[in-house]
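Each ligand, and each atom within it, is numbered from 1 in the order the structure gives. The first residue in the sequence is number 1, and the count goes up from there.
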Amino acid sequence: MNPDLQIIAGNWKMNLTLSQGREFLAALRGLLATGAVRRRLMLAPNFTLLSGLAAACRELGVVLAAQNCAAAPAGAYTGETSTAMLRDVGVEYVIVGHSERRRLFGEDDATLRAKARAVVESGMTPIFCVGETLEQRQAQEALRVVMRQLEFGLEGYPAERLVVAYEPVWAIGTGRTATPEDARKMHTAIRNFLVRRFSFGSEVPILYGGSAKPDNAAALLAEPEIGGLLVGGASLAAESFWRIARA
Ligand code: PGA
């Protein structure tokens, strides 16, 4: 798959059953037959759907991603899913540090650092999420917060494969999107951080996420530092996912 193409990644969160996932892919197949997409398509379904959707995703050229993983490689961690298990069913990317994981499940920088490391050590690529809350933005702290998340979360990061996603928390699931200018500012700051920190920093795709929709995708994707979109709500129906990918 061409690494220069923008990524359109659907994060299904805790939505869609296996049969609904199959229906989604059947619908997507139909849509792709009417109009091809010149972007890299990626889907992050729930764990229970991954192995059942892997073959259909492969056929459609859709890259399979997971929404989370354990940091530990194996052992007595009831309810957890290891990176080896994900890799084994065809997962190539893992979302690490989504704001819902940070906020609802208390995942801190040290945990996320360990998860990102586990992902690369299993041969996959993390989609490392950062983003400020509304209060932090209103207090003019957005830049500092995001740089700190990168600084601590990617400390000692061991590989040359990485995707970063900027997802302002106030834009996730709220219908409020960052303006292309807001996104540009933050993406440029993230790029500068990555270039300073890593020899491969200029090649890391930086995705935008937060109420990305068919009608705002084109403006966001026109920004030179926006390497793609991480889409929640609007990725749950094949048609809107496809329209975003075509935007
Ligand atoms: P949203 O979610 O598109 O529904 O705002 C984005 C995300 O949380 O990745």
Exercise. Hey, quick one: are V204 and L220 part of the same hydrophobic cluster, counting side-chain heavy atoms closer than 4.5 Å, chains of contacts allowed?
Worked result: yes
Can you list the atoms of ligand 1 that are under 4.0 Å from a heavy atom of [X]?
X: N11; answer: 9 (O)
X: A171; answer: 5 (O)
X: G173; answer: 1 (P), 4 (O), 5 (O)
X: G210; answer: 5 (O)
X: S211; answer: 1 (P), 3 (O), 5 (O)
X: E167; answer: 6 (C), 7 (C), 8 (O), 9 (O)
X: H98; answer: 7 (C), 8 (O), 9 (O)

Exercise. In chain order, what residues pass the salt bridge (Lys or Arg N to Asp or Glu O under 4.0 Å) check against E160, with sequence neighbours excluded?
Worked result: none
Problem set entry | Residues K115, N68; criterion side-chain hydrogen bond (donor to acceptor under 3.5 Å, both in side chains); working and verdict | CA-CA 9 Å; K115 289 190 177 195; N68 182 29; 2.8 Å; yes
For this session: Tell me which protein heavy atom sits closest to atom 3 (O) of ligand 1, plus the residue, atom name and distance to 0.1 Å.
Result: G232 N, 2.8 Å
Exercise. Counting both backbone and side chain atoms, is some N or O of G233 under 3.5 Å from an N or O of ligand 1?
Worked result: yes
Problem set entry | Polar proximity ligand 1 side, T174 side, N/O cut 3.5 Å exclusive | no
Problem set entry | Under 3.5 Å: donor-acceptor pair, side chain of R39, backbone of A245 | yes
Show me the donor-acceptor pairs, under 3.5 Å and distance only, between side chains in residues 82-91 and residues at least two apart or in other chains.
residue, atom, partner, partner atom, Å
S82, OG, A84, N, 3.4
S82, OG, M85, N, 3.1
T83, OG1, S122, OG, 2.6
R87, NH1, V91, O, 2.8

For this session: Give a yes or no on whether a salt bridge exists between R184 and E225, defined as a side-chain N under 4.0 angstrom from a carboxylate O.
Result: no
Exercise. So, R148 and D109, do they make that salt bridge, N to O below 4.0 Å?
Worked result: yes
For this session: Report yes or no: is the cationic atom of R196 (NZ for Lys, CZ for Arg) under 6.0 Å from the centre of the six-membered ring of F193, at an angle within 45° of the ring normal?
Result: no
Exercise. Hey, does A234 sit under 4.0 Å from ligand 1 if you only count heavy atoms?
Worked result: no
For this session: Please state whether K13 comes within less than 4.0 angstrom of ligand 1, counting heavy atoms only.
Result: yes
